[in-house]
Amino acid sequence: MMPADHSRRTIIKGIGVATAAGVLGAAPAQAATAVPAEGEIWSNEYWAKKGDIPLWMFRKRIGAPKPGEPARPVVFFVHGSSVTSRVFDLTVPGKGEYSLLNVFARYGFDCWTMDHENYGKSGRTSGNADIASGVDDLKAAVEVIARETGERRDVTSSANPPARYARAPSRWPRPSASIA
């Protein structure tokens with residue numbers, strides 16, 4: 001029996017394949033499909049606005065977007081409350097590939113991430129970075145993604161049940177826990 005390979009690279013690759021299979025397997029026939037791609041990784045910064053608050057966004061994919069090309073499936077990486085979006089794009093010299101954005105881009109995805117209000121490069125306010133505020137951040141970011149890619153889809157996240165509670169607590173049972 002061969003020993004199991006539990007290296008970070010193998011695990012990331014497995015997550016990418018499993019996620020791609022799940023996304024593509026459940027996608028309607030007209031949806032964009034991920035095709036492993038070769039070439040240079042292209043990246044760009046964008047800004048979304050939540051009212052007066054600037055929200056920093058970052059995008060990576062193989063090759064710059066070209067008018068008329070088929071849409072690629074979009075993966076939107078969303079950070080939690082302890083880190084910024086840069087956690088998805090790490091570079092560790094001499095240690096191989098640590099960037100999830102690069103890995104998914106090479107699988108043919110159009111990869112996006114953002115910094116929520118009061119995180120990373122996004123605007124600073126006196127507001128609380130709670131789940132409801134995070135949902136508003138995502139709504140602003142999804143508009144930028146839709147404009148740039150032409151893809152309009154619902155955003156699903158593990159934060160949705162507590163976000164619904166935060167928006168209208170009297171209409172939903174109080175959540176006991178949420179794992180993002």
Side-chain angles (χ1 to χ4, degrees), residues 5-48 50 55-93 95-116 119-122 134-160 163 179-180:
D5 184 359
H6 295 291
S7 68
R8 179 174 171 89
R9 180 179 294 175
T10 301
I11 291 169
I12 289 172
K13 187 175 181 181
I15 290 169
V17 171
T19 302
V23 167
L24 297 176
Q30 73 274 14
T33 56
V35 176
E38 292 186 21
E40 292 295 315
I41 292 179
W42 172 89
S43 64
N44 199 23
E45 295 183 12
Y46 297 83
W47 291 92
K50 181 176 75 173
L55 302 171
W56 183 81
M57 299 179 67
F58 188 66
R59 178 185 192 185
K60 274 192 169 183
R61 52 176 272 160
I62 299 294
K66 295 181 179 105
E69 76 177 346
R72 297 179 189 182
V74 172
V75 178
F76 189 16
F77 294 88
V78 181
H79 70 79
S81 63
S82 301
V83 295
T84 72
S85 64
R86 298 311 285 180
V87 72
F88 301 117
D89 196 31
L90 297 176
T91 301
V92 182
K95 297 294 182 182
E97 184 64 83
Y98 271 71
S99 169
L100 282 174
L101 298 178
N102 288 351
V103 169
F104 276 78
R106 286 193 183 98
Y107 278 110
F109 289 92
D110 193 343
C111 303
W112 291 78
T113 189
M114 69 173 293
D115 284 334
H116 284 281
Y119 286 87
K121 296 181 180 181
S122 287
V135 169
D136 291 338
D137 293 349
L138 294 175
K139 287 179 181 177
V142 166
E143 289 303 315
V144 172
I145 294 171
R147 181 187 71 230
E148 295 295 324
T149 67
E151 289 289 295
R152 284 208 170 268
R153 309 262 171 122
D154 289 334
V155 174
T156 303
S157 107
S158 60
N160 283 348
I179 300 173

Could you tell me if the side chain of Ile62 sits less than 4.5 Å from the side chain of Arg72, heavy atoms only?
yes

First locate atom CD1 of Ile145, then atom CZ of Arg147, and finally report the distance between them rounded to the nearest 0.5 Å.
10.5 Å

Residue pairs meeting salt bridge (Lys or Arg N to Asp or Glu O under 4.0 Å), one or both in residues 81-91, sequence neighbours left out, come to Lys60-Asp89, Arg86-Asp89

Shortest non-hydrogen contact between Leu55 and Ala140, atoms and distance:
CD1-CB, 4.1 Å

Can you give me the closest heavy-atom contact between Cys111 and Ala105, atom names plus distance?
SG-N, 3.5 Å

Residue list, salt bridge (Lys or Arg N to Asp or Glu O under 4.0 Å) with Glu45, at least two apart or on another chain:
Lys121

Under the side-chain contact (heavy atoms from CB on, under 4.5 Å) test, which residues partner Thr113, sequence neighbours left out?
Phe58, Phe77, Ser85, Phe88, Leu101

What closest approach, in Å, do Gly108 and Pro73 show between heavy atoms, and which atom pair accounts for it?
O-CD, 3.9 Å

Of all heavy-atom pairs linking Val87 and Val83, the shortest is CG1-CG2, 3.9 Å

Applying salt bridge (Lys or Arg N to Asp or Glu O under 4.0 Å), name anything that partners Arg61, two or more places apart in sequence or on another chain.
Glu69, Asp110

Rounded to the nearest 0.5 Å, what's the gap from CZ on Phe104 to OG on Ser99? Could you check?
10.5 Å

Which heavy atom of His79 sits nearest to which heavy atom of Met114, and what is that distance?
CD2-O, 3.2 Å

Using the test side-chain hydrogen bond (donor to acceptor under 3.5 Å, both in side chains), find all partners of Glu38 that sit at least two apart in sequence or belong to another chain.
none

Sequence neighbours excluded, which residues qualify as side-chain contact (heavy atoms from CB on, under 4.5 Å) partners of Val78?
Phe76, His116, Leu138

Between Lys95 and Leu90, is there a side-chain heavy-atom distance shorter than 4.5 Å?
no

Please test Arg59 against Val144 for side chain to side chain contact (heavy atoms under 4.5 Å, CB included), starting from the C-alpha separation and ending with a verdict.
CA-CA 11 Å; Arg59 178 185 192 185; Val144 172; over 6 Å; no

Shortest non-hydrogen pair, Ser122 vs Trp56, comes out as OG-N, 2.8 Å

